[in-house]
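Just below is one structure, and these are the notes that go with it.
Keep in mind that this is a model prediction, so the values were computed, not measured. What you see below is based on every heavy atom in this structure, not just the backbone, and it leaves out hydrogens, waters and symmetry mates.
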Amino acid sequence: MKLERYRTVRQQAHAEIVIKRSRFIGYAKPVETEEEAVQFIDEIKRLHKTATHNCSAYMVGERDQFQKQSDDGEPSGTAGKPILEVIKHKGLKNIAVVVTRYFGGTMLGAGGLVRAYTDGAVAGIEAAGEIVNVLHREVRVSVDYTWYGKLENELHGRGIRVGGTEFTDRVIVSCLPAEPEAEAFIAWMTDLTQGQAEIEAGESVYYIEGE
């Protein structure tokens, strides 16, 4: 069962902070599966194979059923857990975060490490951009050309997202109502066109809220 909406990040991105000469590079990426999260973490490890540590955490699944953290050699609980806590605090899902550290010669202590990895995770997530994904249902509405003007006006008036329009012997409009409203939308389309529309419900897909 897909979530009707969830918070995640827009794209893979990174940001760097320096704390007592240690470089902390926070990476964040939206992921759909645990395998994709693990692959992303491995990619960053290969990219920074000479780094002192590549600490990470991910949260994947509708019920957050896949989550894992790694201190990657830092003292237990000082790196992976703080990164995961940032993800949880922000209410994010389907995301993987890696914070790479290049040691600068000064020990930070347990408290200092927790703050540093927290700040590194926040920096990476902010660079990736937080968004809300909202589940929509594709509904293809096929009408005679005489209905197109009215259909277009009504869709615009109700703020219904349109994925595209095909002009063949009929006009086929790919409408994208929010998932919970899909059945009511189909009933409305039937009434609006006096039963003359051919309506086909398609797949569900996520779109970014407000875009």
Item to check | Over 12 foreign heavy atoms within 6.0 Å of NZ, K68 | outcome: no
Checklist entry - With distance as the sole test, does D71 use its side chain to make a donor-acceptor pair with the main-chain N or O of G73 at under 3.5 Å? => result no
Checklist entry - Do you know the tightest heavy-atom contact between V31 and A96? => result CG2-N, 4.1 Å
Item to check | Cluster link F24 to V97, ILVMFWY, side chain under 4.5 Å | outcome: yes
Checklist entry - Without hydrogens or angle criteria, can the side chains of E74 and Y117 be said to hold a donor-acceptor pair below 3.5 Å? => result yes
Checklist entry - With side chains defined as the heavy atoms from C-beta onward, is the minimum distance between I25 and V99 less than 4.5 Å? => result no
Checklist entry - side-chain contact (heavy atoms from CB on, under 4.5 Å) between Q12 and F40: does it pass, once the steps are laid out? => result CA-CA 10 Å; Q12 179 177 334; F40 168 66; 3.6 Å; yes
Next on the checklist: Any non-hydrogen side-chain atom of Y27 less than 4.5 Å from a side-chain atom of N54?
Outcome noted: no
Checklist outcome for this item: Rounded to the nearest 0.5 Å, the CG atom of N133 sits from the OH atom of Y6 at a distance of 4.0 Å
Item to check | Over all atoms of both residues, closest heavy-atom pair of P177 and A182 | outcome: CG-CA, 4.2 Å
Checklist entry - Rounded to the nearest 0.5 Å, how far apart are CG of L3 and OG1 of T8? => result 11.5 Å
Checklist entry - In terms of heavy-atom contacts, does CD of Q196 have more than 12 from other residues, nucleotides or ligands at under 6.0 Å? => result yes
Item to check | Single-linkage hydrophobic cluster V60~Y206, side-chain heavy atoms < 4.5 angstrom | outcome: no
Checklist entry - Take atom CD in E183; do more than 12 heavy atoms of anything else shown fall under 6.0 Å from it? => result no
Item to check | Pairwise distance CD1(I41) to CD(E36) - rounded to 0.5 angstrom | outcome: 11.0 Å
Checklist entry - Looking only at side chains, do D72 and S70 share a donor and an acceptor under 3.5 Å apart? => result no
Item to check | Backbone of G202 reached by a side-chain donor or acceptor of R137 within 3.5 Å | outcome: yes
Checklist outcome for this item: Here the gap from Q39 atom CD to K29 atom NZ, rounded to the nearest 0.5 Å, amounts to 6.5 Å
Checklist entry - With no hydrogens and no angle check, do the side chains of R140 and S174 hold a donor and an acceptor under 3.5 Å apart? => result no
Next on the checklist: Closer than 4.0 angstrom, basic N to acidic O: yes or no for E62 and K2?
Outcome noted: no
Checklist entry - Do S142 and V171 have side chains that get closer than 4.5 Å, going by heavy atoms? => result no
Next on the checklist: Less than 4.5 Å apart, side chain to side chain, heavy atoms only: is that true for N94 and E32?
Outcome noted: yes
Next on the checklist: What's the separation between atom CG in L84 and atom CD in Q69, rounded to the nearest 0.5 Å?
Outcome noted: 5.5 Å
Next on the checklist: Between V134 and H136, does the side-chain contact (heavy atoms from CB on, under 4.5 Å) criterion hold? Intermediate values first, please.
Outcome noted: CA-CA 6 Å; V134 180; H136 291 70; 3.8 Å; yes
Checklist entry - Can a salt bridge be assigned to the pair K93 and D64 using a cut-off of 4.0 Å between side-chain N and carboxylate O? => result yes
Checklist entry - If you draw a 6.0 Å radius around CZ in R115, do more than 12 non-hydrogen atoms from other residues or ligands fall strictly inside? => result no
Item to check | Hydrophobic cluster identity match, I83 and L47, side-chain contacts under 4.5 Å | outcome: no
Next on the checklist: Looking at every non-hydrogen atom in both residues, tell me the closest pair between G120 and I17 and how far apart they are.
Outcome noted: N-CD1, 3.7 Å
Next on the checklist: Check for me whether R158 meets the cation-pi criterion with W188, that is, NZ or CZ under 6.0 Å from the six-membered ring centre and within 45 degrees of the ring axis.
Outcome noted: yes
Item to check | A127 versus A15, closest heavy-atom pair with distance | outcome: CB-CB, 4.1 Å
Item to check | Shortest non-hydrogen contact from T193 toward W147 | outcome: O-CZ2, 3.5 Å
Item to check | Side-chain heavy-atom pair L108, R101 within 4.5 angstrom cut-off | outcome: yes
Checklist entry - When you check the side-chain N and O atoms of E34 and Y58, is any donor under 3.5 Å from an acceptor? => result yes
Item to check | Derivation and outcome, side-chain contact (heavy atoms from CB on, under 4.5 Å), residues T118 and E85 | outcome: CA-CA 8 Å; T118 296; E85 286 302 313; over 6 Å; no
Next on the checklist: Can you confirm whether V173 sits close enough to L155 that some side-chain heavy atom of one is under 4.5 Å from a side-chain heavy atom of the other?
Outcome noted: yes
Checklist entry - Do R23's NZ or CZ and the ring of Y102 fall within the cation-pi criteria of under 6.0 Å and 45°? => result yes
Checklist entry - If you count the non-hydrogen atoms of other residues, nucleotides and ligands that lie under 6.0 Å from CD in Q65, is the total more than 12? => result yes
Item to check | L92 with I208, same ILVMFWY side-chain cluster at under 4.5 Å | outcome: no
Checklist entry - Should V38 and V9 be counted in the same cluster of Ile, Leu, Val, Met, Phe, Trp and Tyr side chains packed under 4.5 Å apart? => result no
Checklist entry - Taking S22 for the side chain and G104 for the main chain, is one N or O donor matched with an acceptor at less than 3.5 Å? => result yes
Next on the checklist: Is there a side-chain contact between V139 and I186 in this structure, where contact means two heavy atoms from C-beta onward sitting under 4.5 Å apart?
Outcome noted: yes
Next on the checklist: Under a plain distance cut-off of 3.5 Å, with no hydrogens placed, do E179 and S204 share a side-chain donor-acceptor pair?
Outcome noted: no
Checklist entry - Does F103 have its ring centroid less than 6.0 Å away from the ring centroid of H53? => result no
Next on the checklist: Before you tell me yes or no, could you show the steps for T165 and I172 under side-chain contact (heavy atoms from CB on, under 4.5 Å), namely the whole-Å CA-CA distance, both residues' side-chain angles and the distance that decides it to 0.1 Å?
Outcome noted: CA-CA 6 Å; T165 305; I172 305 171; over 6 Å; no
Item to check | Close side-chain approach of I131 and E209, heavy atoms under 4.5 Å | outcome: no
Item to check | Rounded distance (nearest 0.5 Å) linking atom CG of L176 with atom OH of Y207 | outcome: 4.5 Å
Checklist entry - If you look at every heavy atom in S56 and V98, which pair is closest and at what distance? => result CB-CG2, 4.0 Å
